[in-house]
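Keep in mind that the numbers below use all heavy atoms, side chains included, and drop hydrogens, waters and symmetry copies. Every chain is numbered from 1 and lettered A, B, ... according to where its sequence line falls, protein lines coming before strand lines. The structure displayed is predicted, hence computed values, not measured ones.
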Amino acid sequence: MSGNGQKWVGKAVPRKEEERLLRGLGKFADDIKLHETLYLRFVRSPYAHAKIANISTAEAEKIPGVVCTLTGAEIASQTQPFIEIAPDAGGKIRDYPLAVSKVRYQGEPVAAVVAMSAAIADDGAEAVQVDYEALDPVVDAEQALTDASILHEDAGTNKVWNGVFEYGDVEKAFREAASVVEIDRMHFHRFSSTPLENNVVIGQWDPKDERIYYWCNNSFPSFAIQFLAAHLNVHIDRIRVQTFDIGGSFGIKITSYPQMAVCALASKKAGGRPIKWVETRSEHMTSSAHGNERTFRDTRVALDENGVITALTSRHIDDCGAYPRYEPLGCVIWSQVFPGVYRFKNARIDFSQAVTNKCPVGPNRGYSRMQHLWFLERVVDICAHELGIPADEMRLRNYIRPQEFPYTTPNGCVYDSGNYPKMLDLAKGLIGWDAWKKKQAEARKQGRMVGIGIGTTLDSGTNNFGQSQIVNPGAPFSGNSQGANCKLDIYGEVVVAVGSCPQGQGHETTAAQVVADVLNITPDLVTVRTGFDTERNVHTGFSGTYASQFAVSGLSAVHGAAQKLKAEMIRLGAHVLESKPEDLDFGIGGQGPEIRSKSNGKSINYWGLANIVNVNSAVLPPELYEVTLNCRYIWRAPFKVPDIKKKYGNLTMTYASQLHIAVVEVDRDTLIPKILDYVAIDDCGTVINPPIVEGQVYGATAHGIGAALLENCVYDEVGNMLTSTFSDYIPITAMNMPNVKYGHIETPSPHSYSGAKGMGEGGAAPIHTISAALQDALFDKGVFIQDSFNNADSLFRALHGEIGQTAKLVKVERRVGSKA
Amino acid sequence: MYPRPFHYHRAGSLPEAATMLSQLGDDAKLLAGGQSLIPLMKLRFANPSHLVDLNFVPGTSYINEQNGAVRFGALTRHSEIENSSIGVRFPILHDCAAGIADVQIRNRGTIGGSLAEADPSGDWAAVLLTQKTEIWCLSPRRERSVPLTDFITDAYTTVLEHDELVREISVEVPGKGTGGAYLAFKRSAPVYPTASAAVQITMEGDICKDAHLVLGCVGLVPVRATAAADALRDRRIDDKSVAAAMDAVREAVDPQADMRGSAEYKRTLAAALVKRAIEVAVRRARGERVEVSHIYA
């Protein structure tokens, strides 16, 4: 009998989805061809901030093949503005999927044209005449907070949210500090993700049953339908969403609900025909979603005589672009990693968020935490340089100690497990730390600029949605959950369905591994149905694929459902095989997967079991009528609602960690930063599938290196986006990638059934690491790495005194008794 | 991303293509590799009413050597040059061909199209201006050859008349004792370089007997840095003369600030690329085999 107790979780099981995806046989939203489909193209604003004086769609409607047009005014008359998550003024923002009376960012859709073909829709969009009256644009969040030019008159202010996060005794720590480091300004730049597949929506408002159908690639559909239902005045249960293979999201596809709304409304106007919208790359760059930009002002750091940080105060201003949408959730999500990997207990962070005349933001891999982690990493790193403490030593003195886990942070988050010193050790070994230190010293003698940087980060996974109440006490969300269904189908096939919508994370494989272990069969005998479908009955209000949680929420649900099924199979098997439940063995026999009795040697395969329940039920005694072999399980995270006043509570279940080291040389002549060596260490607890984890580490590392050196969403002073094509926005390619040395440790999570932690976002570790390496290379030139984005041009300007001057930006006060 | 409607014409020969251009008027464009034209049409930045497709004209893609010159058919693809044996003896051509954009674009883009487009960020013009290059042009009225030095007159502008097209590019093979090199810095494969430097140097012992330096992407047309060449000519190639050439390059270029970098940075980069290109060119002039191509961030 095979399936002999071999465990599949933890094995390098090849991905079940590989064959399909690598051979071009995947099924993506644009592959869905529906009868009588019409095509939609948006007319977009060339202005960043302007009044709409007039829209004329007459010329477009004359073009043969154009079926109808839609404007913001038409939409506003038949819908509600989208839900705003913000309380108070920010909550008064009126966000419609097409601009109504004014535009607030370049690329904002002002009208839509629906036509028989995509090419005709393009012609139609070009023929729509829009007259604008330009208004003063605001492209900087700090300027926006002065309210000199207001984006949303209904709100009356550009401030979306403000809150102070204060813990411990900050004043006392500063009084007793041996040294105090002050940093005037740091800035985390705006970048995005560039999934291979852009946003795609097919929407149909079917007059036959008054339901709305979506075939799309939104990556958090259960969130999207909450926004869509309220906006469209439709009961949420009348919206069906299906997703298929998705070519990457990285969070950016969470906020495609405005386009989904337009497709439904256009379908209604077009008599119920399906409407397909396939986003172009330029649209994706200018108007899908960017990551959050953040400015850090007036940072003060208290340190003791050993360089241990004792307190921190700072003012953070987040820029969410023209409409908050998923925001201001980011105003609390960063606090999942409030102290990063460090032990300081006293801190006060004043956090604000502003709207600006730029593309709205959306959750982008590392969402809201990476900005904060970068800030902390810069703080630790510059303090080490200023106080003359070696980079590795500084980290070791400040890291949370391995024996302190589970560790409760000053704001009540519980870090489940981790071992940062061990990761540092492993990373130093893999990169050859001592050898590089020697090489660096030699290179410096020759005038070369070589730096070695460390970045230590966290990837917090499986949110407590109760943190939304910290930004808005009225928010009706808390906890987290995920659904799964595990069944023996009518003829005995093991079928698992999950409420996730994977975009390359290998959910089909890992879910099959989990079920195979429960039933003692092989993963190839498990069919996994992924892709969201509201009619598959396995979703909860939190279902989707985002925020590094499938390994915990998704697989816990799968595991729960599989165990439920197994319990039913035991009840049924015990009856059929005339054995005690404890005498039954699960495994694979001559006729496929089966249950076998140890006491009498009888066995029944899965077809036999399914057959009894579904087509031979007269043999069942009434007490087994409740056995369906079709088991739905909802997993719930054991969270409590946080203390909203104190902003205190556990916000996330698991904390995967990353430690990267980079050696970077800034070429003396060309100023091109070149990565000479790179190591990435990952700890996501118990690993379910090593190659999948390793792949995610490489992917996140590439995305982070791209963000650090190549990828930047740039606007000029009047709000023109200067990086709307891949000629100007440079997504990283293999040609730009160094060889990454990968290593990992496992500190199993006590918070998940398997010891696994959610992973995949990677904490944007390369951004912190490369900033630190550049800092190390250029510290003695008087350069302070104050921005998360650095390239040859910005390094040139820093070395010529135009930006990033330590003397202007960083002050150190050393007090009596300070050894440093 | 669909172009505006246009008429498509497939030429059977180059004279026929020229005649079509002449008949169709100013609103007709030639389609060679489509490296620039197709993206522009897709974005509706270029909206020609007529496209005359050259891709089905036989005998327009070739590389052959005659009377000391290499002759390229106008539709010779970058990848054909990259993979041809000519690159071994004439490595600056390989430096250029192998680094243009990415594999897919090199398989489509043509040397004739690149020169006729006269994009300030194009690669071929900078490289071939360091060589003795003739452009053979053809119109319904005449056939003529124009030295490359006279061919490009401004950004995106050449001496080609509306109904005139490039038939062949002829490049004199440099003699013994000379070496060339081309280096461009670009941030990733499909983007235009930030700056590029082409150098051809003739050595006699340790002395530079002749030098040609051309910088790309740092002016409306490729910049021929004659003062920089003077700084090297009849001198030893050493730190001093190279530094003087670099200074002259910084003076000669006229870059525009854009997403690729500030004007000041581009001056520095152009000078740095020249320094490296000189180093490689000198080694090649001495008979060494050195492989270089575009530099990535």
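Dense packing is recorded around CZ of A:R281, with more than 12 heavy atoms of other residues, nucleotides or ligands lying under 6.0 Å away. For A:K33, the NZ atom counts as densely surrounded, since its 6.0 Å shell holds more than 12 non-hydrogen atoms of other residues, nucleotides or ligands. Within a 6.0 Å radius of CG in B:D154, more than 12 heavy atoms belonging to other residues, nucleotides or ligands are found. The number of heavy atoms from other shown groups lying within 6.0 Å of OH (B:Y8) is above 12. With a 6.0 Å radius and a threshold of 12 heavy atoms from other residues, nucleotides or ligands, B:D238 has its CG atom above the threshold. Residue B:E291 qualifies as open at atom CD: its count of foreign heavy atoms under 6.0 Å is 12 or below.
With values rounded to the nearest 0.5 angstrom, A:D793 atom CG is found 9.0 Å from B:T194 atom OG1. Here the CD1-OG distance, from A:I730 to B:S188, works out to 4.5 Å after rounding to the nearest 0.5 Å. To the nearest 0.5 Å, atom OG of residue A:S727 and atom CE of residue B:M259 are 11.5 Å apart. One distance of note links OG1 of A:T733 with CG of B:D102; it measures 9.0 Å at 0.5 Å rounding. One distance of note links CZ of B:F185 with OG1 of A:T670; it measures 7.0 Å at 0.5 Å rounding.
Annotation: side chain of B:R4 is in contact with side chain of A:E126 (closest heavy-atom distance under 4.5 Å). Counting heavy atoms from C-beta outward, B:R187 and A:N791 have side chains that stay 4.5 Å or more apart.
Interface check for chain A: of the options B:Y2, B:Y265, B:Y192, the most heavy-atom pairs under 4.5 Å are formed by B:Y265. Annotation: maximal heavy-atom pairing with chain B below 4.5 Å, among A:T280, A:T725, A:I675, A:T723, occurs at A:T280.
For A:A121, no part lies under 4.5 angstrom from a heavy atom of chain B. Contact of A:R41 with chain B is made through the side chain alone, with heavy-atom distances under 4.5 Å. Both the backbone and the side chain of A:A792 have a heavy atom closer than 4.5 Å to some heavy atom of chain B. Proximity to chain B (any heavy atom under 4.5 Å) is shown, for A:S794, by neither the backbone nor the side chain. In this structure, chain B has no heavy atom under 4.5 Å from any part of A:E283. Neither the backbone nor the side chain of B:K186 comes within less than 4.5 Å of any heavy atom in chain A.
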side-chain contact (heavy atoms from CB on, under 4.5 Å) assessment of B:R44 paired with A:D123 = CA-CA 10 Å; B:R44 299 193 173 204; A:D123 294 343; 2.6 Å; yes
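The minimum heavy-atom distance linking B:I295 with A:I672 is given by the pair CG2-CD1, 4.4 Å. When all heavy atoms of B:A297 and A:L710 are compared, the pair lying nearest together is CB-CD2, 3.9 Å. Contact detail for A:M735 and B:Y296: the closest heavy-atom pair is CE-CE1, 3.3 Å.
Salt-bridge formation is not detected for the pair B:K42/A:D122: no Lys NZ or Arg NE/NH1/NH2 atom is positioned less than 4.0 Å from an Asp or Glu carboxylate oxygen.
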